[in-house]
Amino acid sequence: MARLVCISNRLPMEAGPAGGLVVALSAALAESGGTWVGWSGATAATPSPALAPIDGGPFGRLAFDLTEAEVAGYYMGYANSVLWPILHSRADLMRIAHDELAVYKAVNRRLARMVLDVIAADDLLWVHDFHLLPLAWELRALGARNRVGLFLHTPFAAPHDMAALPNAGEVAEWLACHDLVGLQTEADVARARASLAAVAAARPGAGGQVVIGRRATRIAAFPVAIDVGEFAALAGAEYRRLPPGLVRPDRALMIGVDRLDYTKGLPQRFRALAAFLEAHEDWQGHVSLLQIAPPTREGLAAYDAIRDETEALAGHINGRFADITWSPLRYIHRPVARERLAGLHRAARAALVTPLMDGMNLVAKEYVAAQDAADPGVLVLSQFAGAAEQMADALLVNPHDIEQVAGAIHVALSMPVRDRRRRHERLFAGLLARDVHWWSAAFLGTLRGPRPEPPPA
Ligand code: ADP
């Protein structure tokens, strides 16, 4: 079998318990004797000229360092200040700087050269996410003919948003250099087709291919998933280790787990909690939301603003509703160990997963996997999370509609066990049918299949 080479912005450096993507790719990499290439997370005074091997772990790892200027232009700049907001329908938060776009391209060009030095002609390349959109274009320019697949973990931008990019046509050309572009949902595939048609005159080719200029690519949905058995086992074991007093029959626990990002809808969620407590006084003193939201991308204005806004709201809500023995909202700004999170999910009567826009949202799947099937909690899920396409048995909500979310909280907390079991059973079966092993096998199976054919000259 051809060797698999995964390339992502960050290389997993720890040998310890792994999250989403690492679990997803470890098995596939170990199976093919593969290698993972990514940024070490460290900065160096000068750009690294070659990839450096990292010892240990079940698969090969090759790391590169970035300079401070590269982190500013490539990572914090074009990737997180232009692409991330655009891909999440937030053109208003985009901060275009053409010199940062140049740095983003230069980092991808350097990475392409370093990758070319370590790959064989028949290696299969799997590129991950919006940090590395031009990598395949750069590899093709250097003569690489390998099969290259891209998986985009975010949503795909709608035509109106895509048009707001400073270089929409160029992004379309980058995408066309892949044999396969994997997206999270069928809605993303439809948006991609429409956006690429709008900005780059993309047209349908044979067998559902998308043709852009002289190149053809395939675009298909592969909803990213979790290792259900692993997370369920973790939850069962860790539930027993939770601090005494956390689970009380007279105090229902609700949970929210998100990076502190403006896409996650935290202010709307907090307002919905307040609206619920106001409408249902009998629940005051008997339910609280544990919101775990570690800061990310600190230093970018949009992230500083969401932190200020959520902190102010949390203070306001606690000030208004708390009494001397109870507060409605516990807001934690630190990362929590994965196993502890699993235990907390199992203890929670409801999870509030209410992003304004999200590629998939693995937390929704983790919450369902963590439940006790005999007495499961209820998932309140935004219709704008990619996960909603597969999880119709959650309580689906419009996160902008505060009254509706408040109503869903009430339904979740009051739901009879028979209904909870019925919903959970279907959700859990869905997770098992398409777990993380299905995900990587489906993507790689398609990438190994027939290559897209360029249009006749
Ligand atoms: P995103 O990729 O936008 O952060 P996802 O929900 O798809 O959102 O994935 C987040 C992953 O990170 C999940 O596996 C989740 O368990 C983990 N995670 C999120 N918040 C925390 C936290 N506070 N502490 C530890 N892990 C977290």
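All ligand and atom numbering here is 1-based and tracks the order in the structure.
- The distance from ligand 1 to the heavy atoms of Leu341 drops below 4.0 Å at these ligand atoms: 16 (O), 24 (N), 25 (C), 26 (N), 27 (C).
- Distances from ligand 1 to the non-hydrogen atoms of Met360 include no value under 4.0 Å.
- Interface of Val257 with ligand 1, defined as ligand atoms under 4.0 Å from a residue heavy atom, comprises 19 (C), 20 (N), 21 (C).
- Contact atoms of ligand 1 toward Glu366: 13 (C), 14 (O), 15 (C), 16 (O) (distance under 4.0 Å to a heavy atom of the residue).
- A donor atom on one side chain and an acceptor atom on the other are found under 3.5 Å apart for Asn167 and Tyr78.
- Applying the salt bridge (Lys or Arg N to Asp or Glu O under 4.0 Å) test to Arg240 and every residue at least two apart in sequence or in another chain returns nothing.
- Taking the ring centre of Trp39 as origin, the terminal cationic atom of Arg10 falls inside the region bounded by 6.0 Å and 45° from the ring axis.
- No cation-pi contact links Arg90 to Trp84, judged by a cut-off of 6.0 Å to the six-membered ring centre and 45° from its axis.
- Atoms of ligand 1 found under 4.0 Å from any heavy atom of Pro294, numbered from 1 in the order shown, are 22 (C), 23 (N).
- Evaluated for a side chain to side chain donor-acceptor pair (under 3.5 Å) with Asp375, the options Arg420, Arg346, Arg349 yield exactly one hit, Arg420.
- Using a 4.0 Å cutoff on heavy atoms, Lys264 counts as a contact of ligand 1.
- Below 3.5 Å of separation, one finds no N or O of Pro335 facing any N or O of ligand 1.
- Partner Glu70 forms a salt bridge (charged side-chain N to carboxylate O under 4.0 Å, His left out) with one of Arg109, Arg110, Lys105 and no other, that one being Arg110.
- Using a 4.0 Å cut-off between charged nitrogen and carboxylate oxygen, Asp393 and Arg426 count as a salt-bridge pair.
- Close N/O approach between Asp358 and ligand 1 is not found [any backbone or side-chain N/O within under 3.5 Å].
- Salt bridge status for Arg147 with Asp179: absent, with no side-chain N to carboxylate O gap under 4.0 Å.
- In terms of polar-atom proximity, Arg338 is not counted as a contact of ligand 1, lacking any N or O under 3.5 Å from an N or O of the ligand.
- Numbered from 1 in the order shown, with element, the atoms of ligand 1 that lie under 4.0 Å from a heavy atom of Val363 read 6 (O), 15 (C).
- Near Arg259, meaning under 4.0 Å from one of its heavy atoms, ligand 1 places the atoms 1 (P), 3 (O), 4 (O).
- Of the polar atoms of Ile292, none of the N or O atoms is found under 3.5 Å from an N or O of ligand 1, judged by distance alone.
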